[in-house]
A.B. asks: 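Okay, here's the structure, questions in a sec.
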Amino acid sequence: NTTIAPHIYTAYFNGVNAYVEIPHSDVLIPAYELTVIAWVNSLNPDRDAKIVGKSPAGSGYVVGQQSYKLYPEVWDTTGARYSFQAGYIPAGSWTMLAVTWKTGGNFSGYVNAGLVYSGAASQNPIGYTTNPFRIGVAPWDPSRFPFYGYISAVYLYSRALTDSEIQQLYSSNVLNASGLVLFIDP
């Protein structure tokens with residue numbers, strides 16, 4: 001939907017210094033499985049920008065965009081970085097981005113519930129961090145990689161949602177609470 005936000009509240013991120021910060025909690029850094037979902041309306045998806053994450057760059061995770069593509073990064077407990085750029089994020093249109101990770105399984109990305117990438121995840125857990133969870137900027141430095149546009153909802157799960165669960169969330173906007181550790185409508 002290009003005219004109405006998928007949720008009641010929408011936060012504007014000015015591409016300079018606007019962000020949301022949630023203090024560290026262990027539930028925000030799942031070790032073995034993870035799903036991050038964000039509804040975004042990017043006004044400049046060509047820009048390298050971070051949408052949501054919890055990372056000092058070297059552990060944890062971040063979901064971003066670059067060159068009109070979904071661009072997530074996950075670091076495991078050895079510091080190995082897993083990343084891809086895939087899909088297409090249109091400018092000025094509401095888009096659901098989703099990333100799933102299952103240690104020893106797959107690392108996958110979705111744009112509007114369509115699978116755009118699936119590859120091997122590490123055999124090691126996601127690297128632990130006490131950094132805050134940040135929306136709209138790089139989680140390691142709020143002055144880096146600011147997002148320009150609107151974010152309407154962010155979901156964080158401690159499990160990897162299935163393709164059908166992601167499709168259901170996209171098509172019906174029904175919240176699946178199993179494993180949900182954070183839902184924020186900034």
Side-chain angles (χ1 to χ4, degrees), residues 1-15 18-22 27-28 30 33-55 61-74 84-101 107-117 132-139 142 145-186:
N1 187 332
T2 60
T3 57
I4 300 172
H7 295 277
I8 296 171
Y9 301 104
T10 302
Y12 172 70
F13 294 84
N14 63 10
Y19 65 95
V20 173
E21 182 173 298
I22 299 169
V27 300
L28 300 175
E33 292 189 38
L34 169 78
T35 299
V36 179
I37 298 173
W39 278 96
V40 303
N41 184 339
S42 180
L43 299 178
N44 187 358
D46 191 34
R47 173 189 207 164
D48 185 359
K50 307 309 177 196
I51 298 163
V52 61
K54 184 169 174 48
S55 173
Y61 58 89
V62 63
V63 175
Q65 67 176 28
Q66 184 175 16
S67 304
Y68 294 89
K69 297 180 185 307
L70 174 62
Y71 179 28
E73 300 168 90
V74 176
F84 62 83
Q85 292 185 37
Y88 177 75
I89 301 171
S93 181
W94 283 106
T95 307
M96 188 182 94
L97 305 177
V99 173
T100 64
W101 171 278
F107 179 29
S108 301
Y110 303 79
V111 175
N112 289 334
L115 181 66
V116 296
Y117 176 86
F133 183 91
R134 290 192 175 120
I135 300 170
V137 292
F145 305 107
F147 178 77
Y148 176 47
Y150 301 89
I151 299 176
S152 177
V154 173
Y155 307 77
L156 176 65
Y157 288 86
S158 61
R159 65 184 187 89
L161 295 183
T162 66
D163 291 352
S164 62
E165 289 174 315
I166 288 172
Q167 291 163 357
Q168 179 184 18
L169 185 59
Y170 174 75
S171 64
S172 65
N173 226 3
V174 174
L175 186 66
N176 180 338
S178 175
L180 183 66
V181 295
L182 175 71
F183 172 73
I184 185 167
D185 222 354

A.B. asks: How far does CG of Asp46 sit from NZ of Lys69, to the nearest 0.5 angstrom?
C.D. replies: 10.5 Å
A.B. asks: So, for Phe107 and Phe84, is the gap between ring centers shorter than 6.0 Å?
C.D. replies: yes
A.B. asks: May I ask you to check whether Trp39 and Tyr170 place their ring centers less than 6.0 Å from one another?
C.D. replies: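 They qualify: ring centres under 6.0 Å apart.
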A.B. asks: Tell me if the OH atom of Tyr148 is crowded by more than 12 foreign heavy atoms within 6.0 Å.
C.D. replies: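 It does not: Tyr148 OH has 12 such atoms or fewer within range.
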A.B. asks: Once the angle between the rings of Trp94 and Tyr150 is folded into 0 to 90°, is it parallel (under 30°), tilted (30 to 60°) or perpendicular (over 60°)?
C.D. replies: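 Trp94 and Tyr150: tilted rings.
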A.B. asks: Using 0.5 Å steps for rounding, measure from the CD atom of Glu33 to the OH atom of Tyr157.
C.D. replies: 13.5 Å
A.B. asks: Which distance, rounded to the nearest 0.5 Å, do you find between the OG of Ser67 and the CD1 of Ile89?
C.D. replies: 10.0 Å
A.B. asks: The criterion is salt bridge (charged side-chain N to carboxylate O under 4.0 Å, His left out); which residues satisfy it with Lys54, sequence neighbours excluded?
C.D. replies: none
A.B. asks: Would you compute the distance between atom CD1 of Ile22 and atom CD1 of Ile184 and round it to the nearest 0.5 angstrom?
C.D. replies: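 Going from CD1 on Ile22 over to CD1 on Ile184, the span is 4.0 Å.
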A.B. asks: For Asp48, check side chain to side chain contact (heavy atoms under 4.5 Å, CB included) against everything at least two apart and list the hits.
C.D. replies: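 Once residues adjacent in sequence are excluded, the partners of Asp48 under the side chain to side chain contact (heavy atoms under 4.5 Å, CB included) criterion are Lys50, Gln66, Tyr71, Phe145.
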A.B. asks: What I want to check is whether the side chains of Gln65 and Ser42 have a donor and an acceptor closer together than 3.5 Å.
C.D. replies: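 Yes, a side-chain donor-acceptor pair sits under 3.5 Å.
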A.B. asks: Excluding sequence neighbours, so at least two apart, what forms side-chain hydrogen bond (donor to acceptor under 3.5 Å, both in side chains) with Tyr61?
C.D. replies: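 In terms of side-chain hydrogen bond (donor to acceptor under 3.5 Å, both in side chains), with neighbours along the sequence ignored, Tyr61 is linked to no residue.
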A.B. asks: side-chain hydrogen bond (donor to acceptor under 3.5 Å, both in side chains) with Ser108: which residues, sequence neighbours excluded?
C.D. replies: Ser118
A.B. asks: Anything under 30° is parallel, anything over 60° is perpendicular, the rest tilted; go ahead and classify Phe147 against Phe13.
C.D. replies: perpendicular
A.B. asks: Can a side-chain donor-acceptor contact be found between Ser93 and Thr95 if the only test is distance below 3.5 angstrom?
C.D. replies: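 No donor-acceptor contact under 3.5 Å links the two side chains.
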A.B. asks: For residues 147-159, which residue pairs qualify under salt bridge (charged side-chain N to carboxylate O under 4.0 Å, His left out), counting only residues two or more places apart or in two chains?
C.D. replies: Arg159-Glu165
A.B. asks: Roughly how far, to the nearest 0.5 Å, is CG of Leu115 from CD1 of Ile166?
C.D. replies: 8.5 Å
A.B. asks: What's the separation between atom OH in Tyr155 and atom CG in Leu161, rounded to the nearest 0.5 Å?
C.D. replies: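 One finds 10.5 Å between OH of Tyr155 and CG of Leu161.
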A.B. asks: Who passes side-chain hydrogen bond (donor to acceptor under 3.5 Å, both in side chains) against Asn14, sequence neighbours left out?
C.D. replies: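 Asn14: side-chain hydrogen bond (donor to acceptor under 3.5 Å, both in side chains) contacts with Asn17.
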